[in-house]
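These notes concern the structure reproduced below.
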Amino acid sequence: MEARLLPGPSRLDQAAGVVVVLDVFRASNTVLSLLAAGVAGVWLLADLERARALRQAWPQMLLWGERGGVMPPDFDGDNSPCRAARDPLAGREVILTTSAGTQAVARLAGAQAVCLASFANATALVEYLTALAPAAVSLLPMGLEAKAPAQEDQEAARYLAALLSGRRPDFAPIRQRLLACPGADRLRRLGQDDDLEFCTTLDS
């Protein structure tokens with residue numbers, strides 16, 4: 001299966017086929033954790049005010065997300081996989097809006113399928129894509145606020161490309177690089193060490 005790396009979130013409106021969105025710190029992992037917690041659904045919205053309006057129209061929904069890595073004051077939850085894992089969320093619907101990952105998903109209406117991926121679901125995603133058997137897979141590393149490259153997303157793209165080609169790189173040195181990268185330092189400055197641990201764990 002051919003896996004190609006998209007250079008960034010430009011021209012996503014024209015993307016076709018299967019697109020894998022990689023937002024390791026933290027949107028991909030938050031979605032995975034919400035689903036594992038048993039939520040009824042996750043609504044991924046790019047626009048902050050549209051997300052607020054949806055929650056106002058449907059007050060039983062929870063509003064989660066961030067801007068600049070920080071939860072807006074009127075939100076119910078952060079863009080935090082660890083919080084998703086510990087809050088009682090089973091059966092609830094969650095609106096999620098973030099600075100990067102949800103921005104891309106909103107622009108991929110022309111894709112055959114859109115997957116959110118991280119190290120946490122790497123093997124499961126490869127099994128899914130192998131069964132789906134698309135001609136090609138596009139890997140989209142989101143980067144910091146969808147503006148600048150982020151090492152963690154590039155590392156995840158390379159790791160997934162290797163798995164899709166039948167190779168399984170040693171994850172230990174990759175994890176060491178993740179823990180030392182600028183994105184990890186940013187999470188630590190924001191007091192999000194527990195999320196950093198979650199986001200750098202393989203196949204959880």
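Note that the structure is a prediction, hence the values are computed from the model and not measured.
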**Message:** The criterion is side chain to side chain donor-acceptor pair (under 3.5 Å); which residues satisfy it with N121, sequence neighbours excluded?
**Reply:** none

**Complete:** CE (M142) and CG (L140) are apart, to the nearest 0.5 Å, by 5.5 Å

**Message:** Please determine whether residues L54 and L62 belong to a single hydrophobic cluster, defined as Ile, Leu, Val, Met, Phe, Trp and Tyr linked transitively by side-chain heavy-atom distances below 4.5 Å.
**Reply:** no

Which atom pairs, donor and acceptor, lie under 3.5 Å between side-chain atoms of residues 99-116 and protein residues at least two apart or in another chain?
residue: S99; atom: OG; partner: E66; partner atom: OE1; Å: 2.9
residue: S99; atom: OG; partner: E66; partner atom: OE2; Å: 3.3
residue: S99; atom: OG; partner: G68; partner atom: N; Å: 3.3
residue: T102; atom: OG1; partner: L45; partner atom: O; Å: 3.1
residue: T102; atom: OG1; partner: T98; partner atom: N; Å: 2.9
residue: T102; atom: OG1; partner: T98; partner atom: O; Å: 3.3
residue: T102; atom: OG1; partner: T98; partner atom: OG1; Å: 3.3
residue: Q103; atom: NE2; partner: A46; partner atom: O; Å: 2.8
residue: Q103; atom: NE2; partner: T98; partner atom: O; Å: 2.9
residue: R107; atom: NH1; partner: P9; partner atom: O; Å: 2.8
residue: R107; atom: NH2; partner: P9; partner atom: O; Å: 3.1
residue: R107; atom: NH2; partner: D13; partner atom: OD1; Å: 3.4

**Sequence neighbours excluded, every pair satisfying salt bridge (charged side-chain N to carboxylate O under 4.0 Å, His left out) that has a member inside residues 16-33** = R26-D78, R26-D195

**Message:** Between S80 (side chain only) and R83 (backbone N and O only), is there a donor and an acceptor less than 3.5 Å apart?
**Reply:** yes

**Request:** Run through P81, S118, C199 and flag the one making a side chain to side chain contact (heavy atoms under 4.5 Å, CB included) with T30.
**Result:** P81

**Asked** Listed by chain and number, what are the side-chain contact (heavy atoms from CB on, under 4.5 Å) partners of L35, not counting sequence neighbours?
**Response** V31, V39, V42

**Message:** Applying side-chain contact (heavy atoms from CB on, under 4.5 Å) to L96 and N79, what does each step give before you reach the verdict?
**Reply:** CA-CA 8 Å; L96 181 68; N79 177 29; 4.3 Å; yes

**Asked** Can you tell me how far the CD atom of Q192 sits from the CG atom of D194, to the nearest 0.5 Å?
**Response** 8.0 Å

**Q60 atom CD, over 12 foreign heavy atoms within 6.0 Å** = yes

**Request:** Flag yes if L44 and L12 sit in one hydrophobic cluster, no otherwise; membership is Ile, Leu, Val, Met, Phe, Trp, Tyr, and two members link when side-chain heavy atoms are under 4.5 Å apart.
**Result:** yes

**Item:** Side chains of M71 and W64 in contact at under 4.5 Å (non-hydrogen atoms)
**Value:** no

Identify each donor-acceptor pair in which a side-chain atom of residues 127-138 lies under 3.5 Å from a protein atom, sequence neighbours left out, and give them as a table.
residue: T130; atom: OG1; partner: V126; partner atom: O; Å: 2.7
residue: S138; atom: OG; partner: R4; partner atom: NE; Å: 3.2
residue: S138; atom: OG; partner: R4; partner atom: NH2; Å: 3.3

**Fill in**
Value for CD (E197) from OG (S204), rounded to nearest 0.5 Å, stands at 10.0 Å

**Asked** What's in the same ILVMFWY side-chain cluster as L190, cut-off under 4.5 Å, chained through other members?
**Response** V70

**Message:** Would you say L22 ends up clustered with V19 if hydrophobic residues are merged whenever their side chains have heavy atoms under 4.5 Å apart, either directly or through other cluster members?
**Reply:** no

**Item:** side-chain contact (heavy atoms from CB on, under 4.5 Å) against R55, all qualifying residues, sequence neighbours excluded
**Value:** L63, D76, I95

**Asked** Taking only residues two or more places apart in sequence or in another chain, which ones pass ring-ring contact (aromatic ring centres under 6.0 Å, His included) with F198?
**Response** none

**Prompt:** Any link between L144 and L48 through a network of hydrophobic side chains (Ile, Leu, Val, Met, Phe, Trp, Tyr) touching at under 4.5 Å?
**Reply:** no

**Message:** Going by side-chain contact (heavy atoms from CB on, under 4.5 Å), name the residues that satisfy it together with R177, two or more places apart in sequence or in a different chain.
**Reply:** Q151, E155, P173, I174

**Asked** What residues form a side chain to side chain donor-acceptor pair (under 3.5 Å) with D185, not counting sequence neighbours?
**Response** R188

**Fill in**
For A150, the side-chain contact (heavy atoms from CB on, under 4.5 Å) test, sequence neighbours excluded, returns E152, D153

**Message:** For L125 versus A117, what's the shortest heavy-atom pair and its separation?
**Reply:** CD2-CB, 3.5 Å

**Request:** Could you tell me which non-hydrogen atom of A40 sits nearest to which non-hydrogen atom of G91, and how far apart they are?
**Result:** CB-O, 3.5 Å

**Request:** Could you give me the CA-CA distance, side-chain angles and deciding distance for T97 and R67, then say whether side chain to side chain donor-acceptor pair (under 3.5 Å) is met?
**Result:** CA-CA 8 Å; T97 180; R67 286 298 183 271; 2.8 Å; yes

**Prompt:** With side chains defined as the heavy atoms from C-beta onward, is the minimum distance between F25 and R186 less than 4.5 Å?
**Reply:** no

**Asked** How are the rings of Y159 and F171 set to each other: parallel, tilted or perpendicular (split at 30° and 60°)?
**Response** perpendicular

**Asked** Is a side-chain donor or acceptor of D87 paired with a backbone partner of L89 at a separation under 3.5 angstrom?
**Response** no

**Request:** Taking side chain to side chain donor-acceptor pair (under 3.5 Å) as the test, write out the residues that go with D193, two or more places apart.
**Result:** none

**Asked** Taking all non-hydrogen atoms of both residues, which atom of T123 and which atom of L163 are closest, and how far apart?
**Response** N-CD1, 4.4 Å

**Asked** Under the side-chain contact (heavy atoms from CB on, under 4.5 Å) criterion, do V24 and F119 qualify, and how do the steps go?
**Response** CA-CA 8 Å; V24 176; F119 296 101; 4.3 Å; yes

